[in-house]
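Report on the following structure.
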Amino acid sequence: MTALVAWADVEVGTELPAQTFAITRADLVRYAGASGDFNVIHWNERVATEVGLPNVIAHGMLTMALAGRVVTDWIGDPGALLEYGVRFTRPVVVPDDDSGATLEVAAKVSAKNDDGTVQVTLTASFDGATVLGKAQARVRLA
Amino acid sequence: MALNPDFIGRSYAPEGTYVVGREKIREFATAIGDTNPASHDVEAARALGYTDLAAPPTFSVILSLKASGAVVRDPELGLDYSRVVHGEQRFEFTRPIVAGDELVVTTTIEAIRTMAGNDMITTRGDIATVGGEPVATTRALLVSRGPEDDS
């Protein structure tokens with residue numbers, strides 16, 4: 001269980017490679033099956049609009065998982081992620097077309113701890129607005 | 001209807017055992033586009049020191065979702081699930097979930113408060129092996145929108 005990144009090689013402000021994710025309706029169906037979250041607002045436009053949403057929205061947990069990949073792709077070892085938390089502040093609306101919604105995720109080291117871990121702060125945005133608040137991870141580096 | 005704060009501390013025993021399968025880990029990793037070999041290739045996972053495929057971190061939500069169902073469906077608590085939105089999610093990992101794990105989740109209501117007519121309930125899921133080894137702790141903040149929010 002060893003991260004690909006060494007603690008000594010990063011400093012506060014070090015940026016992780018940013019990533020852009022396309023989320024289509026097909027991705028929502030696949031995630032519903034994989035996670036067991038079949039809430040209709042994630043696949044049924046009629047119900048989503050009836051409850052006041054602009055359209056079908058992505059599972060918050062899918063957005064969290066995609067944002068988390070920016071961290072786990074950086075460290076290489078899923079076991080090096082010790083803590084991860086987010087607030088869901090805005091929905092990601094997924095249109096019924098081939099390109100879907102575009103989620104942009106950036107992350108940087110926001111603190112170095114003496115125990116060989118670092119704090120990472122993530123920013124996830126869709127349609128020009130952030131969709132995750134207080135998005136933080138703590139990872140153990142090599 | 002405000003939720004009864006007396007439910008803070010109420011705990012729900014595990015509803016059976018979840019056996020983690022290799023194909024479920026691969027399916028979940030694929031659904032989030034996670035190509036990390038540790039979640040797909042057994043040899044790659046073993047090279048990292050795991051006994052079998054290691055799940056992506058948020059795989060834990062499969063277990064916590066099942067477990068929080070006990071809270072959501074508790075007739076005495078009376079949460080109206082049609083009004084519930086997921087406000088916040090946190091994970092603390094002791095180790096990754098690996099294929100072959102037999103896991104149980106104990107769910108506890110950690111906090112209940114009412115803000116601006118909305119009920120806010122924090123549930124904690126303690127995920128452990130059937131042998132009692134802790135694996136992860138999940139916390140979800142569920143917000144039940146008050147009726148006056150329907151504009």
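Each chain gets a letter, A, B and so on, in the order its sequence line appears, and its residues count up from 1. Computed over heavy atoms, backbone and side chain alike; hydrogens, waters and symmetry mates excluded.
- In this structure, L82(A) CG and R95(B) CZ are separated by 14.0 Å, a value rounded to the nearest 0.5 Å.
- Here the straight-line distance linking atom CE of M61(A) with atom CD of Q89(B) works out to 5.0 Å at 0.5 Å rounding.
- In this structure, P56(B) and T72(A) have side chains that are not in contact, with every pair of non-hydrogen atoms separated by 4.5 Å or more.
- Using a 4.5 Å cut-off between heavy atoms, I62(B) contacts chain A through both its backbone and its side chain.
- With chain B as partner, the option from R69(A), R30(A), K134(A) having the largest number of non-hydrogen pairs under 4.5 angstrom is R69(A).
- Under the 4.5 Å side-chain heavy-atom criterion for ILVMFWY residues, a single connected hydrophobic cluster contains both V51(A) and I57(A).
- Linking ILVMFWY residues whenever their side-chain heavy atoms come closer than 4.5 Å, directly or via other members, places V56(A) and L53(A) in the same cluster.
- In this structure, the separation between CD1 on I32(B) and CZ on F21(A) is 9.0 Å, given to the nearest 0.5 Å.
- By the 6.0 Å contact criterion, CG on D98(A) is open, its count of non-hydrogen atoms from other residues, nucleotides or ligands being 12 or less.
- Close approach to chain A, defined as a heavy atom under 4.5 Å from one of its heavy atoms, is seen in K24(B), E27(B), F28(B) of residues 8-28 of chain B, taken by number.
- How far OG1 of T30(B) is from OH of Y31(A): 13.5 Å, rounded to the nearest 0.5 Å.
- For L81(A), the parts sitting under 4.5 Å from any heavy atom of chain B are the backbone and the side chain alike.
- Here the closest non-hydrogen pair linking A31(B) and A34(A) is CB-CB, 3.6 Å.
- Contacts of A55(B) with chain A are made by backbone atoms alone, with heavy-atom separations under 4.5 Å and no side-chain atom involved.
- Among all heavy-atom pairs drawn from N36(B) and P78(A), the shortest one is ND2-CD, 3.6 Å.
- The local environment of NZ in K66(B) is sparse, with at most 12 non-hydrogen atoms from other residues, nucleotides or ligands closer than 6.0 Å.
- In R113(B), the CZ atom is not crowded: 12 or fewer heavy atoms of neighbouring residues, nucleotides or ligands sit closer than 6.0 Å.
- When each of A32(A), G68(A), G76(A), G36(A) is checked for heavy-atom pairs under 4.5 Å with chain B, G76(A) comes out on top.
- In this structure, CG on L62(A) lies 8.5 Å from OG1 on T58(B), to the nearest 0.5 angstrom.
- Contacts of R139(B) classified as side chain to side chain donor-acceptor pair (under 3.5 Å), with partners at least two apart in sequence or in another chain: E92(B), E110(B).
- Residues V143(B) and V72(B) do not share a hydrophobic cluster, clusters being chains of Ile/Leu/Val/Met/Phe/Trp/Tyr side chains in contact below 4.5 Å.
- Counting heavy atoms from C-beta on, the side chains of M64(A) and F91(B) come closer than 4.5 Å.
- The two residues S35(A) and L65(B) have their closest heavy-atom pair at O-CD2, 3.9 Å.
- Tracing side-chain contacts under 4.5 Å through hydrophobic residues (I, L, V, M, F, W, Y), one reaches L77(B) starting from L142(B); they form part of the same cluster.
- A single hydrophobic cluster is not seen to contain both V71(B) and V104(B); linkage of ILVMFWY side chains at heavy-atom distances under 4.5 Å, directly or through other members, places them apart.
- The shortest side-chain heavy-atom distance between V85(B) and F88(A) does not fall under the 4.5 Å cut-off.
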